[in-house]
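Within every chain, numbering begins at 1; the chains are lettered A, B, ... in the order of the sequence lines, protein sequences first and strands thereafter.
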Amino acid sequence: MGKQYWLMKSEPDAYSWDDLVRDGSGIWDGVRNHTAKQNMQAMKVGDEALFYHSNIGKECVGIMRIVETAFPDPTADAGSPWVVVRVEPVRPLAHPVSLKAIKADPRLADMELIRQSRLSVAPVRAAEWQHILKRSEQPED
DNA sequence: GCCAACGTTGGC
DNA sequence: GCCAACGTTGGC
């Protein structure tokens with residue numbers, strides 16, 4: 001299987017894109033949902049993910065690369081099933097792509113982000129990925 | 001095994 | 001601040 005694409009949410013007041021850029025790399029910890037966990041376990045080195053700011057901003061702001069596959073979440077109790085992956089920033093989007101714009105775009109409205117709004121780690125189809133990147137080339141409205 | 005109650009996420 | 005969606009817990 002070739003490269004796969006993902007979307008990962010973080011509340012920017014807890015951990016933002018700028019925090020990840022500052023750190024150079026980070027582990028995606030704190031995920032406590034089984035579907036999200038399974039998605040992280042399916043990630044391969046080289047897969048790419050959108051960094052989405054939930055709650056504040058509600059927009060995709062950057063592209064990350066998976067640099068280490070799933071391993072136990074050090075913030076979880078020993079023996080728990082929770083995992084993390086390690087990510088690195090690739091580049092910021094020239095212009096953020098907002099949830100509003102995604103919902104309004106028929107080519108994006110079927111994204112997992114929309115279909116299952118509470119899922120914090122979700123797959124993104126290749127066509128959706130390409131379309132979001134294209135949209136990020138120019139500002140909204 | 002069902003389901004009501006409760007907690008959390010996240011958009012509005 | 002509210003609420004919809006969804007997950008978890010615990011009584012039965």
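- Put simply, chain A comes within 4.0 Å of DNA chain C, heavy atom to any atom, from C/dA5 to C/dT8, going 5' to 3'.
- Judged purely by atom type and a 3.5 angstrom limit, A/H34 has no side-chain atom pairing as donor or acceptor with the backbone of A/P81.
- With hydrogens and angles ignored, the 3.5 Å screen pairs no side-chain donor or acceptor of A/E88 with any backbone N or O of A/V67.
- In this structure, A/K103 reaches the sugar-phosphate backbone alone: every heavy-atom distance under 4.0 Å involves primed, P, OP1 or OP2 atoms, never a base.
- Put simply, the side chain of A/D19 gets close to the backbone of A/S16: a donor and an acceptor are under 3.5 Å apart.
- Taking the six-membered ring where the residue is Trp, the centroids of A/F51 and A/W28 are separated by under 6.0 Å.
- Between the CG atom in A/D110 and the CZ atom in A/R125 there is a gap of 5.0 Å [rounded to 0.5 Å].
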